[in-house]
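Working notes, beginning with the structure itself.
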Amino acid sequence: AIALIIALPLNMLRANWSISDMSGNFYCYSYAYNTLQSCEDDAILFTRGDNDTFPLWYLQKMEGVRTDVTVLNISLLNTPWYLQTLSRYYPDLPWSYKKDSLLILRPIQWETDTVVIPAPDRLMRGIPLIVKPTYSSYLLIQDQIILDILKTNLWRRPIAFTSGFGSDLPVGLSGLARFDGLVRSIITDDSSRADMSILEDNILHTFDFRNSSDISGVDRV
């Protein structure tokens, strides 16, 4: 009986070691690294879920990779505790909210409307965004925060969204997005938005592709 008790886990270890060994699996690391490296210097990067947030935070906090990028999780923006945390960790975050005002933010009734964002050049007209309700007839806190940052930042810091959003970006920003790798950067100039040089440089010279072609379930590149 003792021999069987010892042999059972050892047999499971022998049978499953090869498929459970993650020592050579760099896919998660590479995804996070490539996402951060897709950003311009000092960018504000909005993420959507767990998979495009926690790996980035790990690389920044534990590996020291691209700590200049401010990673904001859009789902957590709806929670007061996260907003309070941001106000402590990023006191220079370009938004108009004071610490106390963050606690009273609530979803607001909203009908599809055009919101005008200041342009990078004062001589230019403002940039109109067609903002739809986030959920039902409400504009959630997350989109209120994004709009406030767009207005307060005045394009001093680059703004980008991870690939987790797909092509459907919040607050009507899809038409201003440029694909730079694993992020979509918000660009106001039409000619710059069509520039593929950053994407090409990231793919050919910057990105980490270690073993991404031989992981089960991952398309070969």
Between [atom1] on residue [X] and [atom2] on residue [Y], distance to nearest 0.5 Å:
{"X": "Leu93", "Y": "Leu83", "atom1": "CG", "atom2": "CG", "answer": "10.0 Å"}
{"X": "Gln60", "Y": "Leu45", "atom1": "CD", "atom2": "CG", "answer": "8.5 Å"}
{"X": "Ser192", "Y": "Ile198", "atom1": "OG", "atom2": "CD1", "answer": "8.5 Å"}

Side chain to side chain contact (heavy atoms under 4.5 Å, CB included) assessment of Phe54 paired with Leu56: CA-CA 5 Å; Phe54 293 113; Leu56 277 60; over 6 Å; no
Stepwise side chain to side chain contact (heavy atoms under 4.5 Å, CB included) check, Val69 with Asp42: CA-CA 5 Å; Val69 177; Asp42 298 316; over 6 Å; no
task: Tell me, please, which residues at least two apart from Ile6 pass side-chain contact (heavy atoms from CB on, under 4.5 Å).
output: Ile2, Leu10
task: Assess Arg210 against Phe26: is NZ or CZ under 6.0 Å from the centre of the six-membered ring, and within 45 degrees of the ring's axis?
output: yes
Minimum heavy-atom distance between Arg178 and Arg193, given as atom pair plus value: CG-O, 3.4 Å
task: Indicate the atoms forming the closest heavy-atom contact of Tyr31 with Ser163, along with that distance.
output: OH-OG, 3.7 Å
task: Mind telling me whether Tyr82 and Trp57 have parallel, tilted or perpendicular rings, with 30° and 60° as the class edges?
output: tilted
field: Parallel, tilted or perpendicular: rings of Tyr29 and Tyr33 (30°, 60°)
entry: parallel
query: When you look at OH of Tyr90, are more than 12 heavy atoms from neighbouring residues, nucleotides or ligands closer to it than 6.0 Å?
result: yes
- line: Paired with Asn73, the side-chain hydrogen bond (donor to acceptor under 3.5 Å, both in side chains) test is passed by just one of Asp52, Thr53, Thr162, Thr79, namely Thr53
- request: Find out if a path of hydrophobic residues (ILVMFWY) with successive side-chain heavy-atom gaps under 4.5 Å connects Phe209 to Val65.
  value: no
message: Is there a path of hydrophobic side-chain contacts, each under 4.5 Å between heavy atoms of I/L/V/M/F/W/Y residues, joining Leu147 to Phe161?
response: yes
task: Would you sort out whether Asp121 and Thr188 count as a side chain to side chain contact (heavy atoms under 4.5 Å, CB included), showing the intermediate values?
output: CA-CA 10 Å; Asp121 188 338; Thr188 58; over 6 Å; no
field: Pairs meeting criterion salt bridge (Lys or Arg N to Asp or Glu O under 4.0 Å) with involvement of residues 144-160, two or more places apart
entry: none
